[in-house]
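Since the structure comes first, as structure tokens, the remarks are kept for the end.
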Amino acid sequence: MFLQRRFQHNHAVALGFVAMSSLAAAGPCDIYAAGNTPCVAAHSTTRALYSAYSGPLYQVQRGSDDTTTDITPLSAGGVANAAAQDSFCNSTTCLITIVYDQSGRGNHLTQAPPGGFSGPESDGYDNLAGAVGAPVTLNGQKAYGVFVSPGTGYRNNQASGTATGDEAEGLYAVLDGTHYNGNCCFDYGNAETSSRDTGDGHMEAIYFGDNTDWGSGSGTGPWVMADLENGLFSGLSAGNNADDPSISYRFVSAFVKGEPDQWSIRGSNAVSGSLSTFYNGTRPSGYNPMKKEGAIILGIGGDNSNGAQGTFYEGVMTSGYPSDATENSVQANIVAAKYAIAPLISGPTLTVGSSVSLRATTAGYTTRYIIHNGSSVVTQVVSSSSSSALQQQASWTVRTGLGNSGCFSFESSDTLGSYLRHYNFQLYLEADDGTKQFHEDATFCPEVGLSGQGSSLRSWNYPTRYIRHYDNVLYAASNGGVQTFDATASFVDDVSWAISAGFA
Ligand SMILES: *[C@@H]1O[C@H](CO)[C@@H](O)[C@H](O)[C@H]1NC(C)=O
Ligand SMILES: *[C@@H]1O[C@H](CO)[C@@H](O)[C@H](O)[C@H]1NC(C)=O
Ligand SMILES: *[C@@H]1O[C@H](CO)[C@@H](O)[C@H](O)[C@H]1NC(C)=O
């Protein structure tokens, strides 16, 4: 049925022919170009989006010396060279500083500046994403996506060639359907050049999440919607569109396109199947004509609202309204890229159900262990001759990660049902309240210790942050962040823990 529909129109016949021969190894942007709707922005940290592209995909900056390096595809049209990142970032932290535009227009994405809302950095900029939060494989080759925590955002307010006013455009993005929240707004696409809300119709971006302040779909979300400014739209109004389904595949492909008084939302599992159409019709009242401004955002709203979270692997913006057949071919191309999950952890393994104790490795502190004292989480000198109460306070049962089964949670040995979690980036022992927020805040991903000793425990939902002791108090700290406990001095030592069998 997919092929039949594609061959019904002359234009689609041409595309179908090209797609099966010379574009056999085409990238999504080759397919859009063949459909006369070329990419004017093409962003991906995982792969080249043109068969001939071999330039930089993204830039990382490491915490050890603040130097940067560009990550390129392994070969033209290929998957990112994740090994180059792993080597450059070995024994330190890395941030994604630039997501390069592959279209040749220089529409790169960099740290989003303050706008209607200010970011958490001291200068009001948003945070940058950690480089290791979203490991995947494409056709078996390792790559990293852009893991956007609340407060993180990228932007380009001087883009060239993107749609402005009521001009037509197409957008797609490949996202993690299990990483989302209800805050405004995990977006990718067209936004205001001023980083401020300039009114209805000044945006046209893909949104993913379960926000219900404006539009919604069937079920409880998350949904693919469009951020058209002053509203997330699932259809003809900023209300409910039952045809827009909850969609939470691990990998989601999301498509939005718009032209004068016509737009659509389509989506699918990104690893199998074809696109379904969630909305295809006229513009909402007040949004015809559109007043697009042509800036590009990733992970934030048009006014820099930055409370949302999500993961971005690849996406583009086109010039012109892509045909349904072109979008169907792009979906087939995404499926053929074979996205799959990769381990979130490295280093010594932890056994679910076992009891562990975690000892500091920083010189001068090596007799101190992570303990809870009521709900406080601190380090304390503990040994086999300590009281059995203190040994219990220093012992943790390893559990499958409450927020992601690829990582772990740490349940107190003497306070069953209570787990280590971060809140305002300090660690506490708190009872599991069953919320998605608690579960995510209580999930940590061990990796080879950043100092070379033991293991470092990365926060799953803030992968720039690691469990750190600072003045003997425990934090989820980022290397060189704005808080005193983020200090770079002795960071890699303070986040490296010797994990042994629990005292109790
Ligand atoms: C990181 O460095 C360690 C120690 O030099 C080495 O054993 C390891 O293979 C390196 N890992 C990567 C990914 O380069
Ligand atoms: C969307 O609507 C347009 C205009 O009515 C129509 O030509 C097109 O076939 C529709 N596409 C889908 C996928 O329903
Ligand atoms: C727990 O906190 C109390 C109050 O600050 C303190 O007196 C006590 O020594 C602490 N216990 C441990 C084991 O650190």
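Every heavy atom of this structure was used, including side-chain atoms; hydrogens, water molecules and symmetry mates were not. Read the numbers this way: they start at 1 and go in the same order the structure lists the ligands and their atoms. The residues of the chain are indexed from 1 along the displayed sequence.
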ask   = Between Phe251 and Tyr313, does the ring centre distance come in under 6.0 Å?
value =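 Between Phe251 and Tyr313, the centre distance is under 6.0 Å.
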Pairing residues for Arg421 by the salt bridge (Lys or Arg N to Asp or Glu O under 4.0 Å) criterion, not counting sequence neighbours = Glu430, Asp441
query = Could you walk me through whether Phe233 and Tyr287 pass the ring pair (Phe, Tyr, Trp, His ring centres under 6.0 Å) check?
reply = CA-CA 11 Å; Phe233 287 78; Tyr287 289 78; 4.9 Å; yes
query = Asp324 heavy atoms, cut-off 4.0 Å: which ligand 2 atoms fall inside?
reply =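 Ligand 2 atoms under the 4.0 Å threshold to Asp324: 8 (C), 9 (O), 10 (C), 11 (N), 12 (C), 13 (C).
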remark   = ligand 2 to Thr277, heavy atom cutoff 4.0 Å, flagged ligand atoms 13 (C)
query = Is it true that Lys257 and Glu327 have a side-chain N and a carboxylate O under 4.0 angstrom from each other?
reply =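 Glu327 and Lys257: salt-bridged.
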task = Quick one: which residue pairs count as a side chain to side chain donor-acceptor pair (under 3.5 Å) with a foot in residues 468-480, not counting sequence neighbours?
result = Thr93-Asn479, Thr362-His469, Arg368-Asn472, Thr379-Asn472, Arg468-Asp494
request  = Taking side chain to side chain donor-acceptor pair (under 3.5 Å) as the test, write out the residues that go with Asp227, two or more places apart.
outcome  = none
Asn373, any N or O under 3.5 Å of ligand 3 N or O = yes
message = Which heavy atom of Ala254 sits nearest to which heavy atom of Val224, and what is that distance?
response =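 For Ala254 versus Val224, the nearest heavy atoms are CB-CG1, 3.7 Å.
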Between ligand 1 and the protein, which N/O pairs are shorter than 3.5 Å?
unit_1, atom_1, unit_2, atom_2, d
ligand 1, 2 (O), Asn90, ND2, 2.2
ligand 1, 11 (N), Asn90, ND2, 3.0
ligand 1, 14 (O), Asn90, ND2, 3.4

